[in-house]
Visitor: 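Quick one: structure below, then a few questions.
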Amino acid sequence: GEPAETPLVELERGVAAVVLAAVSTFCLLVGLGTWLVEATPPVWLPERNVWIVLNLALGLALVPLWLQLGFRGVSRTA
């Protein structure tokens, strides 16, 4: 059989993948939305282009992390 803590580890990994996917999606939506509707950046960062690039870069950088966490151990043969 499998160790007793295996389901808990898989749950924690799944929750982490969901949180990272949510943050990634949020950053991508904010970056694209700011760019498309020409919205103003936050007051603490007056440069609009930096705000857009930071959001898009963070959103894209997180994708491999949550993909790896979410699909680690998934069998491709069903």
Side-chain angles (χ1 to χ4, degrees):
E2 63 183 25
E5 64 273 354
T6 301
L8 183 59
V9 170
E10 289 182 10
L11 175 65
E12 291 170 350
R13 186 179 300 141
V15 168
V18 169
V19 168
L20 287 175
V23 171
S24 175
T25 303
F26 179 77
C27 288
L28 291 170
L29 286 172
V30 168
L32 286 172
T34 302
W35 184 26
L36 290 174
V37 301
E38 299 180 6
T40 58
V43 176
W44 52 268
L45 184 66
E47 181 59 42
R48 181 176 169 267
N49 291 333
V50 173
W51 175 248
I52 293 169
V53 169
L54 283 174
N55 277 294
L56 293 177
L58 180 61
L60 290 174
L62 290 176
V63 170
L65 298 176
W66 59 260
L67 280 176
Q68 182 182 19
L69 279 175
F71 292 108
R72 183 186 304 163
V74 174
S75 175
R76 292 188 185 252
T77 59

Visitor: Under a 4.5 Å cut-off applied to non-hydrogen side-chain atoms, are L65 and L69 in contact?
Guide: no

Visitor: Please answer: with hydrophobic residues joined when any side-chain heavy atoms are less than 4.5 Å apart, are V63 and L20 in the same cluster?
Guide: yes

Visitor: Just verifying a value: how many Å separate L67 CG and S24 OG, rounded to the nearest 0.5 Å?
Guide: 8.5 Å

Visitor: Of all heavy-atom pairs between T34 and V30, which one has the smallest distance, and what is that distance?
Guide: OG1-O, 2.7 Å

Visitor: Starting from L28, can I reach L45 by hopping between I/L/V/M/F/W/Y residues whose side chains sit under 4.5 Å apart?
Guide: no

Visitor: Within the 4.5 Å heavy-atom criterion, are L11 and P7 side-chain neighbours or not?
Guide: no

Visitor: Looking at CZ of R13 and CG of L8, how far apart are the two atoms once the value is rounded to the nearest 0.5 Å?
Guide: 11.0 Å

Visitor: Which donor-acceptor pairs under 3.5 Å do the side chains of residues 36-43 make with protein atoms, sequence neighbours left out?
Guide:
none

Visitor: Do any side-chain atoms of residues 51-62 form donor-acceptor pairs under 3.5 angstrom with protein atoms, and if so which ones, sequence neighbours left out?
Guide:
| from | atom 1 | to | atom 2 | distance (Å) |
| --- | --- | --- | --- | --- |
| N55 | ND2 | W51 | O | 2.9 |

